Amino acid sequence: MNDRDLFDLMTQSPLERLARARKSLPTPEVRRAIREAAGVSQPEMAKALGVSTATVSRWESGLVVPSSSIVVDYVDALNMLARVETETR
């Protein structure tokens, strides 16, 4: 993330961040792949986000979509894990 991206993120309204997160939420299969590639377990992801392991499992199986109250944090976590995974290759 460069300085411009960081500035854009910091100046977005909560509604803009929510809309952007919903739009950029990967498919359930990709969510699981990102988490696994980074070596993070479902319980670890759940703890980091303050949700249950069952909730992460349901998101990754496509049974439910993350709620508005957590989707921004979930997308941020997935983006961070994807960056970390590509940096360690």
Side-chain angles (χ1 to χ4, degrees):
M1 180 176 290
N2 62 36
D3 288 343
R4 179 65 187 167
D5 292 337
L6 184 58
F7 176 78
D8 288 345
L9 184 62
M10 291 172 49
T11 58
Q12 287 178 352
S13 73
L15 189 57
E16 289 171 319
R17 289 196 72 214
L18 175 60
R20 180 173 283 188
R22 283 188 176 158
K23 194 174 190 176
S24 65
L25 182 66
T27 63
E29 297 81 15
V30 172
R31 296 173 208 164
R32 179 182 302 273
I34 290 169
R35 179 187 52 74
E36 289 176 345
V40 175
S41 67
Q42 283 185 342
E44 290 169 327
M45 178 67 95
K47 184 176 181 181
L49 294 170
V51 299
S52 70
T53 301
T55 296
V56 173
S57 177
R58 288 190 294 266
W59 293 341
E60 291 182 352
S61 65
L63 294 175
V64 295
V65 176
S67 67
S68 298
S69 63
I70 193 70
V71 71
V72 172
D73 291 339
Y74 186 42
V75 168
D76 287 347
L78 291 171
N79 288 336
M80 185 273 305
L81 291 176
R83 278 194 309 273
V84 168
E85 199 280 324
T86 56
E87 290 172 0
T88 59
R89 282 188 198 173

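Just so you know, these numbers come straight off a predicted model, no measurement behind them. Basis for what follows: all heavy atoms, side chains included, without hydrogens, waters or symmetry-related copies.
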**Asked** Does one side chain, of Glu44 or Ser41, offer a donor that lies under 3.5 Å from an acceptor on the other?
**Response**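 Yes, side-chain donor-acceptor contact under 3.5 Å.
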Under a 3.5 Å distance rule, please check whether [X] uses its side chain to pair with a backbone N or O of [Y] as donor and acceptor.
{"X": "Glu36", "Y": "Ala33", "value": "no"}
{"X": "Arg31", "Y": "Pro26", "value": "yes"}
{"X": "Ser24", "Y": "Arg20", "value": "yes"}

**Asked** Applying the side-chain contact (heavy atoms from CB on, under 4.5 Å) test to Val71, which of Val65, Leu18, Asp76 qualifies?
**Response**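 The option that passes is Leu18.
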**Asked** Under a 4.5 Å cut-off applied to non-hydrogen side-chain atoms, are Trp59 and Arg32 in contact?
**Response**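 No - every pair of side-chain heavy atoms lies 4.5 Å or more apart.
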Interatomic distance, [X] atom [atom1] to [Y] atom [atom2] [nearest 0.5 angstrom]:
{"X": "Met45", "Y": "Ser57", "atom1": "CE", "atom2": "OG", "result": "12.5 Å"}
{"X": "Asn79", "Y": "Ile34", "atom1": "CG", "atom2": "CD1", "result": "7.0 Å"}
{"X": "Arg58", "Y": "Thr53", "atom1": "CZ", "atom2": "OG1", "result": "10.5 Å"}
{"X": "Asp73", "Y": "Met80", "atom1": "CG", "atom2": "CE", "result": "11.5 Å"}

**Asked** What are the two closest heavy atoms between Val56 and Val51, and how far apart are they?
**Response**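 Nearest heavy atoms, Val56 then Val51: CG2-CG2, 3.9 Å.
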**Asked** Taking all non-hydrogen atoms of both residues, which atom of Ser61 and which atom of Pro28 are closest, and how far apart?
**Response**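 Heavy atoms of Ser61 and Pro28 come nearest at C-CB, 4.2 Å.
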**Message:** Check for me, please, whether Leu25 and Leu63 land in the same ILVMFWY cluster - side-chain distances under 4.5 Å, paths through other members count.
**Reply:**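 Different hydrophobic clusters.
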